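One structure is given below, encoded as structure tokens.
Computed from a predicted structure; not experimentally measured. The analysis underlying the following values was restricted to heavy atoms, covering all of them including side chains, and did not include hydrogens, waters or symmetry mates. Each ligand, and each atom within it, is numbered from 1 in the order the structure gives.
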Amino acid sequence: MPTSFLPFSRPSINEDDLQAVRDVLCSGWITTGKVCARLEDEVSSLVAPSQAVALTSATAGMHLALTSLGIGPGDEVITPSMTWVSTVNLITLMGATPVFADIDRDSLMVTADTLAPCITEKTRLIIPVHFAGASADMDPIRSLAADRNITLMEDAAHAIGTRYKKRPIGSEGTAIFSLHPIKNITSGEGGILVSPDTKLTEHIRRLRFHGLGVDAYDRHTQGRSPQAQVLEPGFKYNLPDMCAALGLSQFRRLETLNDLRRQRAEQYLELLQDVDELRPLKTDFDYEQTHAWHLFIVRLGKNRPGLDRDAFMEALKERGIGSGLHFKAVHLHQYYQKTLGLTLGTLPHTEYNSERILSLPLFPDMTEEDVCKVVTTAKEILA
Ligand SMILES: *Cc1c(COP(=O)(O)O)cnc(C)c1O
């Protein structure tokens with residue numbers, strides 16, 4: 001094993017981050033409070049007119065949103081199978097039926113064309129995923145949903161700082177960001193739901209804290225009323241200040257961190273031009289967008305007998321380079337194979353990618369030399 005292992009992702013933590021967390025720890029108030037409120041205010045100003053609600057994870061945000069929308073038995077929710085399992089798990093746990101739309105082969109994202117055939121009388125909700133930091137083509141998806149009176153919720157776990165036609169993701173509808181440590185900015189664990197629908201955000205504030213008729217932290221009383229009543233049974237998904245402090249400090253560097261990712265991604269794109277076996281996702285979209293470069297994904301060419309994707313990842317690891325798999329298609333996971341029983345070939349572009357993709361190292365503190373090392377090593381393995 002080489003001595004220095006290059007992970008596929010590593011959070012970028014600086015002195016400001018350390019000081020921000022230290023300040024909270026020394027303040028005497030470490031759970032949800034002023035700092036969380038500040039994080040929500042600053043994220044709200046990025047995604048205005050949407051309002052932000054901070055939670056313990058994006059998964060928690062999905063749970064609360066599905067709860068608030070009353071998604072349950074008899075309802076169908078359309079989402080790609082090329083996504084993280086959390087969304088499909090929650091749809092299933094709510095008693096609803098996940099319906100998978102196929103994706104564009106080279107962007108890994110659903111389009112209005114792949115979504116349309118999945119719509120039935122029972123469709124209540126569509127959850128597109130902005131993949132790897134790129135934006136899905138939202139205008140056609142938005143009008144498709146509006147025409148059929150279906151709610152739309154964007155999985156923006158990869159897309160904090162992404163813009164679609166100059167508009168920040170999250171500013172035009174309900175969206176959920178993740179602050180998990182591999183995402184573009186982190187609070188340790190955390191998530192932020194944003195929506196222009198204030199009835200929804202108010203409801204989610206209540207649901208995130210036991211369903212009490214107050215927020216986890218009341219900005220006016222600097223705490224909360226001990227006499228608060230349960231208005232409906234709720235959950236415990238409030239983000240502590242200890243985490244919010246890290247999230248806020250990172251959020252203030254969002255542009256810088258995303259720029260560093262972009263530089264490394266552009267370097268990869270250039271160096272990989274002559275490597276036919278590793279094909280990146282598409283970067284030339286026919287709509288304007290700002291890519292947040294959450295992941296750098298390549299597809300391994302299949303015309304190489306004896307070298308499959310898993311073996312390639314293993315070979316990288318042996319040479320000191322980490323890689324990720326985002327994602328194995330959800331319908332191919334054991335539980336969903338058993339319960340949904342979709343036959344192979346139902347989602348051709350999803351399945352094509354599920355067996356070929358891998359994520360190369362990409363994080364803000366990576367150096368130019370690191371990128372060169374990854375590409376050189378990949379070429380060695382391929383040779
Ligand atoms: C990370 C991720 C999530 C879940 O985020 P958590 O904050 O870990 O709950 C959801 N969807 C996608 C596409 C993700 O990558």
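Listed by number with element, the atoms of ligand 1 under 4.0 Å from a non-hydrogen atom of A58 are 4 (C), 5 (O), 6 (P), 7 (O), 9 (O). Close contacts of ligand 1 with S57, meaning ligand atoms under 4.0 Å from a residue heavy atom, involve 7 (O), 9 (O). Of all atoms in ligand 1, listed by their number and element, those nearer than 4.0 Å to a heavy atom of S86 are 4 (C), 10 (C).
A salt bridge is defined here as a Lys NZ or Arg NE, NH1 or NH2 lying under 4.0 Å from an Asp or Glu carboxylate O, and R105 with E351 fails to meet this definition. Under the 4.0 Å criterion applied to side-chain N and carboxylate O atoms, D370 and K373 are not assigned as salt-bridge partners. With respect to E42 and R252, a salt bridge is recorded, a charged nitrogen being found less than 4.0 Å from a carboxylate O.
Under the 4.0 angstrom criterion for non-hydrogen atoms, G190 is in contact with ligand 1. At least one heavy atom of F327 sits less than 4.0 Å from an atom of ligand 1. Between G191 and ligand 1 there is no heavy-atom distance shorter than 4.0 Å.
Figure legend: cation-pi geometry between R356 and Y352, with NZ or CZ positioned under 6.0 Å from the six-membered ring centre and within 45° of its axis.
The protein non-hydrogen atom at the shortest distance from atom 11 (N) of ligand 1 is D155 OD2, 2.7 Å. Among protein heavy atoms, atom 9 (O) of ligand 1 sits closest to T59 OG1, 2.5 Å. Nearest protein heavy-atom neighbour of atom 2 (C) of ligand 1: K183 NZ, 2.7 Å.
R253 pairs with exactly one of D259, D17, D16 by the salt bridge (Lys or Arg N to Asp or Glu O under 4.0 Å) rule, that one being D17.
If you check each of H180, H158, H326, M62 against atom 8 (O) of ligand 1, the one with the closest non-hydrogen atom is H180. Comparing heavy-atom distances from atom 6 (P) of ligand 1 across S187, S178, P181 singles out S178 as nearest.
The closest side-chain heavy-atom distance from L246 to I13 is below 4.5 Å.
Ring orientation note: the planes of Y268 and F296 are close to parallel, at an angle under 30° on the 30°/60° scale.
Of the possible donor and acceptor atoms, one in the side chain of Y164 sits under 3.5 Å from a partner among the backbone N and O of D139.
The side chain of A157, and not its backbone, has at least one atom closer than 4.0 Å to an atom of ligand 1 (non-hydrogen atoms only; side chain from C-beta on).
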